[in-house]
Amino acid sequence: MTTPAPPRVDGAARALLVLWDIDGTLLLRASVAHVRAVWAALAEVHGVDGEGFKGPGVAGMTDAQISRAILAGMGVEAAAIDEHAARVVERVGQLYAPDDLRDHVSPGLDGLLAELHDRDDVIQSLVTGNYEAVARRKLDAAGLGRWFDPRWGGGFGSDDEDRDRLPAIARARAAAALSPDREPWDRDRTVIVGDTPRDIACARADRVHVVAVTTGSHDRHDLADADAVVDDAGELREALLGLAAPAPDAIRKDRS
Ligand SMILES: [Mg+2]
């Protein structure tokens, strides 16, 4: 595996900031060890036994929301959930031990990430409900960590329980990577890529672009509120390149 060059920061200010979701978007059915770590941490910190418990529909929820929903469903008081929230984040991060996840990369996405990484007009980062430690380890286990330089930051379930607040966090961090006192990344140069209505909602809450993929647990009907809905890596590439460099692409297409 070659190590890519560090991100080009000079002149990147007008680049398109692509904020990737992980589960159902970059990776498919890659949550077994993650779920196990959450349950183990909740059992250890709160003394709950989750056997037989039916969890809520968690796709698109942050890890902190999922933990809260599980604990509340088992009768744990909100005050106790709040009091131990940081400990749960810490223990999930310590307990999470994924297997090799390279077979779980959504088809074509590794190549698309590599192509986008090489463009001067694209910066790639993350908006995911995963706690940050889980997100980075999960991507490393899938061979995708190399495309997500931590210097560009991201927005994670360990930053805020409410996914709607994560895009703004990610925009602020990406801008701060250019210079500490910089305004958050421009909304019109930012796009969320995700697989659930909750990804779309967080993009709308921050007034940034959103492209939805049907590779996760939702179909086109569920995702109709996105700016674009795509079924595969090829369509996703077209949608993102159209946002990265809209005018020249449109001109070239018109003339071909
Ligand atoms: Mg997802």
Side-chain angles (χ1 to χ4, degrees), residues 17-38 55-70 92 96 98 101-110 112-113 116 124-142 144-145 147-148 154-167 169-170 190-206 208-233 235-236 239-240:
L17 177 64
V18 181
L19 298 173
W20 291 92
D21 169 57
I22 296 180
D23 298 308
T25 302
L26 291 173
L27 304 182
L28 307 182
R29 296 172 296 280
S31 296
V32 173
H34 183 180
V35 170
R36 197 181 300 138
V38 169
V58 299
M61 286 171 67
T62 62
D63 281 0
Q65 276 179 322
I66 293 167
S67 296
R68 181 178 296 279
I70 291 169
V92 172
Y96 176 56
L101 296 176
R102 283 174 294 184
D103 289 343
H104 293 263
V105 177
S106 184
L109 267 284
D110 198 8
L112 178 56
L113 291 171
L116 294 176
Q124 304 193 87
S125 187
L126 300 159
V127 161
T128 169
N130 288 195
Y131 296 141
E132 181 167 6
V134 171
R136 301 228 179 258
R137 205 169 305 147
K138 194 181 283 185
L139 291 174
D140 283 344
L144 300 184
W147 309 124
F148 295 97
F156 303 90
S158 38
D159 294 317
D160 201 300
E161 192 168 325
D162 184 353
R163 192 180 193 108
D164 287 358
R165 298 200 187 105
L166 300 184
I169 291 171
T190 302
V191 59
I192 296 281
V193 183
D195 69 304
T196 73
R198 290 182 172 111
D199 296 84
I200 299 170
C202 83
R204 295 297 176 229
D206 195 39
V208 299
H209 301 285
V210 56
V211 176
V213 297
T214 57
T215 48
S217 51
H218 291 273
D219 61 16
R220 282 183 167 270
H221 176 77
D222 293 344
L223 302 171
D225 290 339
D227 299 324
V229 185
V230 300
D231 293 322
D232 58 37
E235 291 180 10
L236 180 55
L240 293 178

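Hydrogens, waters and symmetry mates play no part in the numbers below; they use all other heavy atoms, side chains included. Every number for a ligand or one of its atoms is a count from 1 in the order of the listing.
Residues R137 and Y96 approach most closely at NH1-O, 2.7 Å, considering heavy atoms. Contact record, D199 with I192: O-CG2, 3.9 Å, taken as the closest heavy-atom pair.
Using a 4.0 Å cut-off between charged nitrogen and carboxylate oxygen, D23 and R29 do not count as a salt-bridge pair.
Here D140 pairs with nothing under the salt bridge (Lys or Arg N to Asp or Glu O under 4.0 Å) rule; sequence neighbours left out. For T214, the side-chain contact (heavy atoms from CB on, under 4.5 Å) criterion is met by R220, L223, V229, D231, not counting sequence neighbours. Checked against salt bridge (Lys or Arg N to Asp or Glu O under 4.0 Å), R136 has the following partners two or more places apart in sequence or in another chain: E132.
Excluding waters, the set of protein N, O or S atoms lying under 2.8 Å from the Mg ion (ligand 1) comprises D21 OD2, D23 O, D195 OD1.
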